[in-house]
Number of protein chains: 2
Amino acid sequence: MRRKATAPSTPDRSSYHHGTLRQSLLEAGEALLREKGFKGFTLRECARRAGVSHAAPKHHFGDVKGFLTEIAAGGFDELTRMLRERIADATTLDEEFIATTRAYVEFAQAQPEHFRIMFRDDLLCAESDRLATAMQLTFTELTNVILRQRGEPEIRCEEVERDQSIVAILDDIMIGWCHVHGLAHLILERQLPPVPAELQDGMLITVSTRLAQLIQHGGKS
Amino acid sequence: MRRKATAPSTPDRSSYHHGTLRQSLLEAGEALLREKGFKGFTLRECARRAGVSHAAPKHHFGDVKGFLTEIAAGGFDELTRMLRERIADATTLDEEFIATTRAYVEFAQAQPEHFRIMFRDDLLCAESDRLATAMQLTFTELTNVILRQRGEPEIRCEEVERDQSIVAILDDIMIGWCHVHGLAHLILERQLPPVPAELQDGMLITVSTRLAQLIQHGGKS
DNA sequence: AGTTTCATTTTGACATTGTCAAGATCAATT
DNA sequence: AATTGATCTTGACAATGTCAAAATGAAACT
């Protein structure tokens, strides 16, 4: 029955109107995801944790699909943030590519259930602008890594849609994007051949470095 | 109330014992997956389609996790079959690598819900020998593609576990495996940049060819 | 033959879940 | 002061996974 002490002047007053219910539900959802995983993730439990009745979420998110869409968008925001942070720390191009791969993989390992939802087209509503924008921001970050590898000018998020410079290097984007995502997903779902954990990062470095060189050289030779 | 006309001499007799219930349930599950997707996939509906009561599956599969594990194993069997078929048709090494990627991607697109379950560690029980074997067969097929690319002798499935020749080329295996899986998964979950469908296969060919060359050359140069 | 054993299937029950419709509550505008 | 509209609650419904206990029938045993 505890309430968030943020919005109203009365901090812990039990009032009919929650005030920040939408945000509280999202936070409850993310916490639940971490603690109980996807199978323990229910709308009713989120409502319980936010201290409201079981039907309260409906007004803010419609149905469970709408709720998951917001959760996924938040995941892409966080992933974008992590990518930017790591990329900023890198000093060379090779290092940047490795840092990107590492950040992506580590996000998937640190927030496995969150990551799974982000890449479940059947659970999300594709019409959501909120989600589309968050995804595009992540994609822009990854694309710019490739563009820098090739010594070409970066793009801004708004230019991504059907941008010509992107189409021109689509092959390279695909190589980088598939590499990074495939690795993260396979590790997450434990589908990899038996690699000792301590060798994993070394392998990540070797593979990333070779792919980075391939991308730097472009299609030629 | 229709019964399978396979096992007993009496084809359509309504009998207390089903005879081939286990197999019928699996078939019902796969059909359900294709028709209604994962959200329409329930144990009770499978039982209904097999013409038995709602609790009948319990004796054969334990719980839903056990059931999904069998479904996933069947998916890996089918994927292995498709890979072998396509690989056998290829005549050159480059062609073989492309064919492998195509088969993997096409499987994911043709059986999306099946594919999703196969790569959901949280839904499957990792202790299942049936599943582990089926996965290892798929992995062996992919590994041998890489080994042939590098002109090295192939391995048999039983040798995969901790095989030295695998550890030696782990980097190359990872490049191929991540590429193929990342591409398939991203296409399936509609996370790709806006690529016109007719350009998709061309891109797949270009990317696969460049990666195949990278693998053929090994780590050197 | 008759009996027993055991795998298989049914029946009935329980706690949970997502969703919906109707009503209650409260803030803000008129 | 009255009304409007957003926000939340209550109560209900059908469905699901799982469980325990009982029913069924096939096969083994005496």
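FYI, side chains are in, hydrogens and waters are out, and symmetry mates aren't considered; it's all heavy atoms of this structure. By convention in this document, chain letters (A, B, ...) are assigned in the order of the sequence lines, proteins followed by strands, and residues within each chain are numbered from 1.
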Output the rounded distance in Å from [atom1] ([X]) to [atom2] ([N]).
{"X": "B:Phe61", "N": "D:dT18", "atom1": "CZ", "atom2": "C1'", "answer": "16 Å"}
{"X": "B:Leu43", "N": "D:dT16", "atom1": "CG", "atom2": "C1'", "answer": "9 Å"}
{"X": "A:Leu21", "N": "D:dT7", "atom1": "CG", "atom2": "P", "answer": "10 Å"}
{"X": "B:Glu45", "N": "D:dT16", "atom1": "CD", "atom2": "C1'", "answer": "12 Å"}

Legend entry - Base of D:dT7 paired with side chain of A:Arg22 (donor-acceptor, under 3.5 Å):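 Under the 3.5 Å cut-off, the side chain and the base do not form any donor-acceptor pair.
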Taking only the side-chain heavy atoms of [X] (C-beta and beyond), determine which of [options] contains the nearest atom.
{"X": "A:Ser53", "options": "D:dT10, D:dT16, C:dT9", "result": "D:dT10"}
{"X": "A:Ala56", "options": "D:dC8, D:dG17, C:dT10", "result": "D:dC8"}
{"X": "B:Ala55", "options": "C:dT9, D:dT10, D:dC19", "result": "D:dC19"}
{"X": "B:His59", "options": "D:dT9, D:dT7, C:dT9", "result": "C:dT9"}
{"X": "B:His54", "options": "C:dG12, D:dT16, C:dT19", "result": "C:dG12"}

When you measure from the side chain of [X] to the backbone of [Y], do you find a donor-acceptor pair of N or O atoms at a distance under 3.5 Å?
{"X": "A:Ser128", "Y": "A:Leu131", "answer": "yes"}
{"X": "B:Gln191", "Y": "B:Leu186", "answer": "no"}
{"X": "B:Glu113", "Y": "B:Gly37", "answer": "no"}

Do any side-chain nitrogens or oxygens of [X] fall under 4.0 Å of OP1 or OP2 in [N]?
{"X": "B:Lys58", "N": "D:dC19", "value": "yes"}
{"X": "B:Arg44", "N": "C:dT10", "value": "no"}
{"X": "A:Thr42", "N": "C:dT17", "value": "yes"}
{"X": "A:His60", "N": "D:dC8", "value": "yes"}

Legend entry - For A:Asp121, side chain to side chain donor-acceptor pair (under 3.5 Å) partners two or more places apart: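 For A:Asp121, the residues satisfying side chain to side chain donor-acceptor pair (under 3.5 Å) (neighbours in sequence not counted) are B:Arg190.
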Inset, instruction - Using a cut-off of strictly less than 4.0 Å between a heavy atom of the residue and any atom of DNA chain D, enumerate the qualifying residues of residues 117-125 of chain B by number. - result: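 Output list: empty, so none.
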Legend entry - Lys/Arg N to Asp/Glu carboxylate O, A:Lys36 vs A:Glu45, below 4.0 Å: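 Here A:Lys36 does not pair with A:Glu45 in a salt bridge, since their nearest N and O are not under 4.0 Å apart.
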Legend entry - Residues B:Arg49, B:Glu27: salt bridge by 4.0 Å N-O rule: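 Looking at B:Arg49 and B:Glu27, the cut-off is not met.
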Inset, instruction - Can you run down the side-chain hydrogen bond (donor to acceptor under 3.5 Å, both in side chains) pairs that involve residues 56-73 of chain A, sequence neighbours left out, and say none if there aren't any? - result: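 Those involving residues 56-73 of chain A are A:Arg22-A:Glu70.
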